[in-house]
Amino acid sequence: MNVIARSSNIAPYLKASATAVSNGGRIVTPTGKAQKAKIVVPAPVTRILSDSLQQNIISGPTRISSSISASTQIQQSRLAHTDIQIPDFSHYRKDETQDPTAKNRETAPSRRIFSYVVASGFSIAGAYGAKAFVHDLVSTMAAGADVLALSKIEVNLNDIPEGKNAVFKWRGKPVFIRHRTQAEIDKESRVDVSTLRHPEADSARTQKPEWLIVIGVCTHLGCVPIANAGDFGGYYCPCHGSHYDASGRIRKGPAPLNLEIPYYEFQDNILVVG
């Protein structure tokens, strides 16, 4: 019953809607005449550029409201906090740069010059300090004066007679200096090098034929040979029976190599080894 009663109230509206639909969407007045609908011309669209968009963002947020019964509305409201203060850095600036209109105030390039001079001074001082530190560090790892004194020895050759062999200590090793006779020189020069275990010519082992300088350490196990001994009249190692000739070449026994020749040079009658 309630539905029927309510439907009687909306009957005029339903009749008007049916008439409007049949008339192509025209509004029908109570007299039955169709009324033309009003033509609504939309407002022109304003293009939002980057500048205007920035102004809208700065001025305040944009609020858009829309509903079925009302047209779309765009409203803008300003920010609630409009008392924004610009930071003041005058407390950190120099007195000469407080007034931007002053003519004789200090400029940024002039301040950079002072900074560059200070930075360059510290850089040069740091470089010299690093150089001194590295020099002292390397000096601590260098050989001492006593070690340098033993790195070279000088021998007066006038003190060694012909046919004799002298022994000197160099870098903890014995050095044999032999003053050879002409007969020894001729004998060693006639040896067939192809028959030697360690082939070396006599002329390649001496700078001056009359002087033979070798390290007195056997190449077998590091023993010290005896001079003017052995089957070949040179050096003999009694530990394992290695025989060397007057040129220091291995001729018999277990030694694999000839006696080592150190670096030396002649300075008149002075022999410098090392």
Side-chain angles (χ1 to χ4, degrees), residues 135-274:
H135 183 270
D136 294 341
L137 182 62
V138 173
S139 298
T140 57
M141 297 184 292
D146 54 344
V147 177
L148 294 176
L150 295 175
S151 62
K152 291 184 179 182
I153 58 173
E154 296 181 357
V155 178
N156 189 358
L157 299 178
N158 294 328
D159 297 336
I160 304 175
E162 187 178 2
K164 298 296 180 180
N165 186 87
V167 182
F168 297 90
K169 185 178 181 180
W170 174 71
R171 296 183 181 179
K173 300 177 181 180
V175 175
F176 295 159
I177 300 177
R178 187 186 187 97
H179 192 177
R180 300 191 300 179
T181 61
Q182 187 61 40
E184 291 176 340
I185 297 173
D186 297 339
K187 178 183 177 182
E188 301 304 332
S189 61
R190 290 194 300 266
V191 174
D192 187 5
V193 178
S194 61
T195 60
L196 300 177
R197 182 180 303 170
H198 184 189
E200 278 186 324
D202 180 69
S203 59
R205 295 179 57 82
T206 58
Q207 295 183 16
K208 292 183 178 182
E210 64 273 17
W211 294 104
L212 175 68
I213 297 93
V214 294
I215 296 177
V217 177
C218 181
T219 58
H220 180 219
L221 292 177
C223 304
V224 178
I226 301 173
N228 298 323
D231 297 344
F232 299 88
Y235 303 95
Y236 171 68
C237 180
C239 299
H240 302 92
S242 296
H243 298 260
Y244 301 88
D245 57 16
S247 185
R249 298 172 295 190
I250 181 65
R251 303 294 293 274
K252 183 180 179 182
L257 301 173
N258 301 333
L259 293 178
E260 183 182 357
I261 299 175
Y263 175 80
Y264 64 91
E265 60 183 1
F266 292 97
Q267 297 179 359
D268 295 335
N269 290 329
I270 302 298
L271 175 67
V272 180
V273 181

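When a residue number appears, it is its place in the shown sequence, counting from 1. Keep in mind that this is a model prediction, so the values were computed, not measured.
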Undergrad: Tell me whether Arg197 contacts the main-chain N or O of Gly253 through its side chain, where contact means a donor paired with an acceptor under 3.5 Å.
TA: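 Indeed, once roles are kept as given, a pair shorter than 3.5 Å links the two residues.
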Undergrad: Can you list the steps and then say if Ile213 with Phe176 is a side-chain contact (heavy atoms from CB on, under 4.5 Å)?
TA: CA-CA 6 Å; Ile213 297 93; Phe176 295 159; over 6 Å; no
Undergrad: Does one side chain, of Asp192 or Ser194, offer a donor that lies under 3.5 Å from an acceptor on the other?
TA: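 There is such a pair between these side chains.
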Undergrad: Below 4.0 angstrom, N of the basic side chain to O of the carboxylate: do Glu184 and Arg178 qualify?
TA: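 Judged by the 4.0 Å cut-off on N to carboxylate O distance, Glu184 and Arg178 do form a salt bridge.
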Undergrad: Test Asp202 against every option in Arg180, Arg190, Lys187 by the salt bridge (charged side-chain N to carboxylate O under 4.0 Å, His left out) rule and name the one that passes.
TA: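 The salt bridge (charged side-chain N to carboxylate O under 4.0 Å, His left out) with Asp202 is passed solely by Arg180 among Arg180, Arg190, Lys187.
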Undergrad: Do you know which two heavy atoms are closest between Pro238 and Val224, and how far apart they sit?
TA: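 Pro238 and Val224 have their closest heavy atoms at CD-O, 4.5 Å.
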Undergrad: Say you draw a straight line from CD1 of Ile185 to OG of Ser247; how long is it, rounded to the nearest 0.5 Å?
TA: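 Nearest 0.5 Å value for the CD1-OG distance: 10.5 Å.
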Undergrad: What residues form a side-chain contact (heavy atoms from CB on, under 4.5 Å) with Glu260, not counting sequence neighbours?
TA: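 Per chain and number, Glu260 pairs via side-chain contact (heavy atoms from CB on, under 4.5 Å) with Ile215.
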Undergrad: What pair of heavy atoms forms the shortest contact from Tyr235 to Pro225, and how long is it?
TA: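 What the structure gives for the nearest pair is CB-CB, 4.0 Å.
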Undergrad: Begin from the C-alpha positions of Arg249 and Phe232 and carry the test side-chain contact (heavy atoms from CB on, under 4.5 Å) through to its verdict.
TA: CA-CA 10 Å; Arg249 298 172 295 190; Phe232 299 88; over 6 Å; no
Undergrad: What closest approach, in Å, do Asn258 and Gly248 show between heavy atoms, and which atom pair accounts for it?
TA: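 The answer is CB-O, 3.5 Å.
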Undergrad: Could you check whether any side-chain heavy atom of Thr219 comes within less than 4.5 Å of a side-chain heavy atom of His198, counting everything from C-beta outward?
TA: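 Heavy-atom side-chain distance check fails, nothing below 4.5 Å.
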Undergrad: Would you name the heavy atoms of Thr206 and Pro209 that are closest together and state the gap between them?
TA: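 Shortest heavy-atom contact: OG1-CA, 4.1 Å.
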Undergrad: Work out which heavy atom in Ile270 is nearest to a heavy atom in Glu154; give both atom names and the distance.
TA: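 Looks like CG2-CB, 4.0 Å.
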Undergrad: Go through the steps to decide whether Cys218 and Tyr244 satisfy the test side-chain contact (heavy atoms from CB on, under 4.5 Å), and finish with yes or no.
TA: CA-CA 10 Å; Cys218 181; Tyr244 301 88; 3.2 Å; yes
Undergrad: Measure up the His243 and Tyr236 rings against each other and bin them: parallel (under 30°), tilted (30 to 60°), perpendicular (over 60°).
TA: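 Judged by the thresholds at 30° and 60°, the geometry between His243 and Tyr236 is tilted.
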Undergrad: Nearest 0.5 Å please: distance from the OG1 atom of Thr181 over to the NZ atom of Lys164.
TA: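 Thr181 OG1 to Lys164 NZ: 11.5 Å, rounded to 0.5 Å.
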Undergrad: Can you find a heavy atom in the side chain of Phe266 that is under 4.5 Å from one in the side chain of Leu157?
TA: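 The answer is yes, as the side chains (C-beta and beyond) meet within the 4.5 Å cut-off.
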Undergrad: As an exercise, state the distance from CG of Asn165 to CD1 of Ile226, rounded to the nearest 0.5 Å.
TA: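 With rounding to 0.5 Å, CG (Asn165) is 12.0 Å from CD1 (Ile226).
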Undergrad: State, yes or no, whether a side-chain contact exists between Ile160 and Val155 at a heavy-atom distance under 4.5 Å.
TA: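 Ile160 vs Val155: side chains touch.
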Undergrad: Heavy-atom distance under 4.5 Å between the side chains of Pro256 and Ile250, does that happen here?
TA: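 Side chain of Pro256 against side chain of Ile250, heavy atoms only: no contact under 4.5 Å found.
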Undergrad: Could you check if a side-chain atom of Ser242 sits within less than 4.5 angstrom of a side-chain atom of Pro254, using non-hydrogen atoms only?
TA: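 The answer is yes, as the side chains (C-beta and beyond) meet within the 4.5 Å cut-off.
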Undergrad: Please report the shortest heavy-atom distance between Asn228 and Gly163, naming the atom on each side.
TA: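 Between these two residues, the closest heavy atoms are ND2-O, 4.5 Å.
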Undergrad: Could you check whether any side-chain N or O of His179 sits under 3.5 Å from a backbone N or O of Glu162, counting only pairs where one atom can act as donor and the other as acceptor?
TA: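 Judged by distance alone, yes, a pair lies under 3.5 Å.
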Undergrad: Could you tell me whether the side chain of Trp211 reaches within less than 4.5 Å of the side chain of Ile177, counting heavy atoms only?
TA: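 Yes, at least one pair of side-chain atoms sits under 4.5 Å.
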Undergrad: With side-chain contact (heavy atoms from CB on, under 4.5 Å) as the test, would you mind laying out the steps for Arg205 and Leu259 before giving the verdict?
TA: CA-CA 10 Å; Arg205 295 179 57 82; Leu259 293 178; 4.3 Å; yes
Undergrad: Near Asp268 CG, under 6.0 Å, is it more than 12 heavy atoms from other residues, nucleotides or ligands?
TA: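 Counting other residues, nucleotides and ligands, CG of Asp268 stays at 12 neighbours or fewer.
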Undergrad: Has Gln207 got a side-chain atom pairing as donor or acceptor with Tyr264's backbone, closer than 3.5 angstrom?
TA: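 Checking the backbone N and O of Tyr264 against the side chain of Gln207, a donor-acceptor pair under 3.5 Å is found.
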